[in-house]
Amino acid sequence: QSGLSPQQLADVVVCIGPGSYTGLRTGISLVTCWQRNLPGIRLWPVTRFQLVADTPQDAWVMLPALRQVAYVARLDAQHQVSQPQSVDATQWQPPDQVPVLAHPGVLTHCPPSLNAIALPQDVDPLAQAVALWRQGRLQPVQGQLEPLYI
């Protein structure tokens with residue numbers, strides 16, 4: 001869609017999850033193949049947590065998994081991800097006092113005491129990925145690119 005030929009690619013931002021294992025493996029395999037066969041391509045991994053939450057402060061981000069399970073991770077003010085895990089959304093409490101931003105699909109399972117804030121639904125993941133890359137908040141992959149296993 002960009003009109004670029006494969007030889008013109010220099011930087012590729014790729015989502016590493018969490019999400020469908022097969023989908024993640026397929027996308028990562030494709031960009032890894034490009035990197036190995038087209039000299040000079042750098043891969044910039046980004047997580048779904050970084051793509052859905054546009055916040056200038058530390059926050060916990062909750063994404064739906066299956067049933068009442070949620071993926072949670074902590075984003076710092078620089079949009080770096082730590083402590084990704086799978087939790088029972090009906091019982092999870094953050095270990096520290098930072099806001100909890102939850103996907104609307106998870107909010108129905110969260111206890112009221114969590115005081116979770118709904119993630120905005122108008123965040124464009126592609127625009128967010130490009131913005132994070134341009135702001136220098138992503139780090140190029142060193143070595144093998146792996147899906148985010150939770």
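Reckoned from all heavy atoms, side chains included, excluding hydrogens, waters and symmetry mates. FYI, the numbering just counts along the sequence from 1.
Side-chain contact between Glu146 and Pro45 is absent, with no heavy-atom pair separated by less than 4.5 Å. Proximity of Val12 to Trp44: side-chain heavy atoms (C-beta onward) are nowhere separated by under 4.5 Å. For the pair Trp60 and Val98, the minimum side-chain heavy-atom distance is below 4.5 Å. Counting heavy atoms from C-beta on, the side chains of Leu119 and Val61 come closer than 4.5 Å.
The two residues Gly17 and Leu148 come nearest to each other via the heavy atoms O-CD2, 3.8 Å. Closest non-hydrogen pair, Arg48 versus Gly19, comes out as NH1-CA, 4.1 Å. When all heavy atoms are compared, the tightest approach of Gln121 to Pro104 is NE2-CD, 3.1 Å. Nearest approach of Ala73 to Pro84, heavy atoms of both residues: CB-CA, 3.9 Å. The nearest pair of heavy atoms linking Pro125 to Val123 is CD-O, 3.3 Å. Closest approach of Ser86 to Ile150, counting heavy atoms only: N-CG2, 3.1 Å.
Taking CD of Gln68 as the reference point, atom CG of Asp88 lies at 6.0 Å (rounded to 0.5 Å). To the nearest 0.5 Å, atom CD of residue Gln35 and atom CG of residue Leu30 are 12.0 Å apart. Put simply, CD1 on Ile28 and CD on Gln144 are 9.5 Å apart, with the number rounded to the nearest 0.5 Å. Between atom CD of residue Gln91 and atom CG of residue Leu114 there is a gap of 12.5 Å, rounded to the nearest 0.5 Å.
No single ILVMFWY cluster, assembled from side-chain heavy atoms under 4.5 Å apart, contains both Leu132 and Val130. Note: the hydrophobic cluster containing Val106 does not contain Leu66 (ILVMFWY, side chain heavy atoms under 4.5 Å, direct or indirect links). The hydrophobic cluster containing Val52 also contains Ile117, counting ILVMFWY residues as joined when their side-chain heavy atoms lie under 4.5 angstrom apart, directly or transitively. Hydrophobic cluster membership differs between Leu126 and Leu9, with clusters built from Ile, Leu, Val, Met, Phe, Trp and Tyr side chains linked at under 4.5 angstrom. Note on Leu107: it does not cluster hydrophobically with Val87, by side-chain heavy-atom contacts below 4.5 Å among ILVMFWY residues.
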Are Leu75 and Val81 close enough, and set up right, to give a side-chain contact (heavy atoms from CB on, under 4.5 Å), and what steps lead you there?
CA-CA 5 Å; Leu75 283 182; Val81 175; 3.4 Å; yes

Go through the steps to decide whether Ile16 and Leu24 satisfy the test side-chain contact (heavy atoms from CB on, under 4.5 Å), and finish with yes or no.
CA-CA 6 Å; Ile16 60 169; Leu24 293 172; 5.6 Å; no

Is there a side-chain contact (heavy atoms from CB on, under 4.5 Å) between Val31 and Leu145 once you walk through the steps?
CA-CA 9 Å; Val31 297; Leu145 187 60; 4.0 Å; yes

The test is side-chain contact (heavy atoms from CB on, under 4.5 Å); show your working for Arg36 and Ile41 and say whether it passes.
CA-CA 8 Å; Arg36 289 182 180 163; Ile41 289 183; over 6 Å; no

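Here side chain to side chain donor-acceptor pair (under 3.5 Å) pairs that include residues 122-136, with residues two or more places apart or in two chains, are His79-Gln128, Gln135-Arg137. Listed by first and then second residue, the side chain to side chain donor-acceptor pair (under 3.5 Å) pairs that reach into residues 105-118 are Gln93-Ser113, sequence neighbours excluded.
Under the 3.5 Å distance criterion, with hydrogens and angles disregarded, a donor-acceptor pair is assigned to the side chains of Gln50 and Thr47.
Taking the six-membered ring where the residue is Trp, the centroids of Tyr71 and Phe49 are separated by 6.0 Å or more.
At least one donor-acceptor pair closer than 3.5 Å links the side chain of Gln8 to the backbone N or O of Ser5.
A search for side-chain hydrogen bond (donor to acceptor under 3.5 Å, both in side chains) contacts involving Arg74 returns Asp58, Asp96, not counting sequence neighbours.
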